[in-house]
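Here the structure comes first, spelled out in structure tokens, and everything after it is commentary.
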Protein chains: 2
Amino acid sequence: MTGWEDIRAEVLRRIRARDWPPGGMIPTEEDLAVEFGVARATVNRALRDLATSGVLERRRKAGTRVAALPVRKATLDIPVIRLEIEARGQSHSFQVLKQSFMEPPVPIASRLGLGPGFKLLYLETLHLADGKPFAHEVRWLNSEILPRPLPDFHALSANEWLVAHVAYVSGDIAFSAEGASPREAAVLGVAPGAALFVTERMTWTAESPITFVRLAHGPGYRVQTLV
Amino acid sequence: MTGWEDIRAEVLRRIRARDWPPGGMIPTEEDLAVEFGVARATVNRALRDLATSGVLERRRKAGTRVAALPVRKATLDIPVIRLEIEARGQSHSFQVLKQSFMEPPVPIASRLGLGPGFKLLYLETLHLADGKPFAHEVRWLNSEILPRPLPDFHALSANEWLVAHVAYVSGDIAFSAEGASPREAAVLGVAPGAALFVTERMTWTAESPITFVRLAHGPGYRVQTLV
DNA sequence: GCGGTTATTATGTGCAGACATAATAGCACT
DNA sequence: AGTGCTATTATGTCTGCACATAATAACCGC
């Protein structure tokens, strides 16, 4: 009956009821274990979970306190774009607009840690939801990690091919808002300068960069999450 | 020497090295426990952690498999705006531009689940970083949950006052890109229609809405996270 | 007082064993 | 074949105990 989730819920209730006010200390794991009649490990699991979600702050010896200014940790699911569109009940398709092998612009090369003269595979793709423009994708790919002959990115999106075939190690994601460039405006069918939701991703293996992607989403795009 | 984090690292290495390919099954916890010479609970901790970050998919009896299309779970820290600015080494200040008591527009009222005629406290605030406009905040507050007399939101921002005094239960956050309204453009000092990064939050107690906030961030604002 | 060493303490993590639970696979019966 | 029960199995979680670790508190010599 009293699992660690029940304990977590009860602790959360006391915090929200201000039994344990923000910034205040709460009892030790051992005290709570006695009170709830469970093992300390069970209390630990509950409190650890609340700590990772930003509700509690824990330090050895110092004890556990309720976060004064809780840093809300929102967990965003970032699915493959095809699944994102299909989850809305729409059908996904895409067109490869451009494909070439060339030197990237300096800012991108430097962010990927590449010296001058290093050429990358450039791919420009338009993603469609129910046939209507959904997002504009610009991608730079390290061709050294690709097999020969090059895979056919017209058949399977570069994203999904990479997920299936290339071991990644690390990466980062950034979100921002940017005005549509003339090119983006034309491709997405919006006015130049229109506000686009942009996500940029970089991924790496242990040694070398894999890819840089910039996805520009048309108006109305929202990323949402519960807290 | 072999803690659960080492096991997690080794499992991740094998996944990324394609020893265990996407979509494939991995050995049972018990087998791995024997192989690594640790208790099953330790393996469980490692695999559970990888499952919550989207790398593994686990089901009872069915076993554990490597996610075929890993849904990257990016965890965003959403701090109080003051801390966000101070973390950049800038100083935070704010101005309350408007404060009144009135009926919210229909879309906001309906999203908060309020009937017609229900009045809310309206607060419009400009947040500054080193004295320069940083974000424009529009907030609707359920005045029924506020003490009388009303707290002075000129001294302490509404956000921080709420965090310190009101028990919340649930909420959601959404991110989008929107063109600057004339009002926003004037206040933030940007051109009308300029792309703004907008975050909208709603929070609730168990019974009633607490607040709706819309934060419009000026150009250059980015939300970033490692994966 | 002051600075540095030592003891104490709360959390972090480990182990072995146990039972719970969900989902599959196999079997029996129609 | 199809259906429904049962056995099996991998993960989920709990207990009780142990030791590790980090940070505070107490102490001591000067």
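So you know, we letter chains A, B, ... as the sequences are listed, proteins then strands, and number each from 1. Treat the numbers as computed from the prediction; the structure is a model and nothing was measured.
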Checklist entry - Under 4.0 Å: is that the gap between some side-chain N or O of R58(B) and OP1 or OP2 of dG12(D)? => result yes
Next on the checklist: Given 3.5 Å as the limit, does a donor-acceptor pair link the side chain of D6(B) with the main chain of G3(B), or not?
Outcome noted: yes
Next on the checklist: Please report the distance, rounded to the nearest Å, between CD in E57(B) and C1' in dA10(D).
Outcome noted: 16 Å
Checklist entry - Separation of R65(B) atom CZ from dT24(C) atom P, in whole Å? => result 11 Å
Next on the checklist: If you define the side chain from C-beta out and look only at heavy atoms, does anything of L120(A) sit under 4.5 Å from L112(A)?
Outcome noted: yes
Item to check | Donor-acceptor side-chain pairing of H136(A) and E124(A) below 3.5 angstrom | outcome: yes
Check nucleotides 24-28 of chain D for protein N or O atoms closer than 3.5 Å to its own N or O atoms and list the pairs.
unit_1: dT24(D); atom_1: OP1; unit_2: R59(A); atom_2: NH2; d: 2.4

Checklist entry - Which residues, if any, of residues 30-46 of chain A bring a heavy atom under 4.0 Å of DNA chain C? => result R40(A), N44(A)
Checklist entry - Rounding to a whole Å, what distance do you find between M25(B):CE and dT24(C):P? => result 11 Å
Checklist entry - Whole-Å distance between dT9(D) P and E29(B) CD? => result 16 Å
Next on the checklist: Between R40(B) and N44(B), is the side-chain hydrogen bond (donor to acceptor under 3.5 Å, both in side chains) condition met? List the steps.
Outcome noted: CA-CA 6 Å; R40(B) 188 171 75 90; N44(B) 179 281; over 6 Å; no
Checklist entry - How long is the line joining CD of E5(A) and C1' of dC14(D), in whole Å? => result 13 Å
Next on the checklist: Between D130(B) (side chain only) and S91(B) (backbone N and O only), is there a donor and an acceptor less than 3.5 Å apart?
Outcome noted: yes
Checklist entry - Is any side-chain heavy atom of I173(A) closer than 4.5 Å to a side-chain heavy atom of V223(B)? => result no
Item to check | Sub-4.5 Å side-chain heavy-atom contact between N159(B) and R139(B) | outcome: yes
Checklist entry - Does T64(B) put a side-chain nitrogen or oxygen below 4.0 Å from OP1 or OP2 of dT11(D)? => result yes
Next on the checklist: Can you measure R48(A) atom CZ to dC14(D) atom P for me and round it to whole angstrom units?
Outcome noted: 11 Å
Checklist entry - With a 4.5 Å heavy-atom cut-off, do L114(B) and P209(B) have their side chains touching? => result yes
Checklist entry - Quick one: are T199(A) and F175(B) in side-chain contact, heavy atoms under 4.5 Å? => result no
Next on the checklist: From C-beta outward on T28(B), which listed nucleotide comes closest to its side chain: dT11(D), dG14(C), dT11(C)?
Outcome noted: dT11(D)
Next on the checklist: Expressed as a whole number of angstroms, how long is the span from D49(A):CG to dG12(D):C1'?
Outcome noted: 14 Å
Checklist entry - Starting at CZ of R60(B) and ending at P of dT24(C), how long is that distance when rounded to a whole Å? => result 13 Å
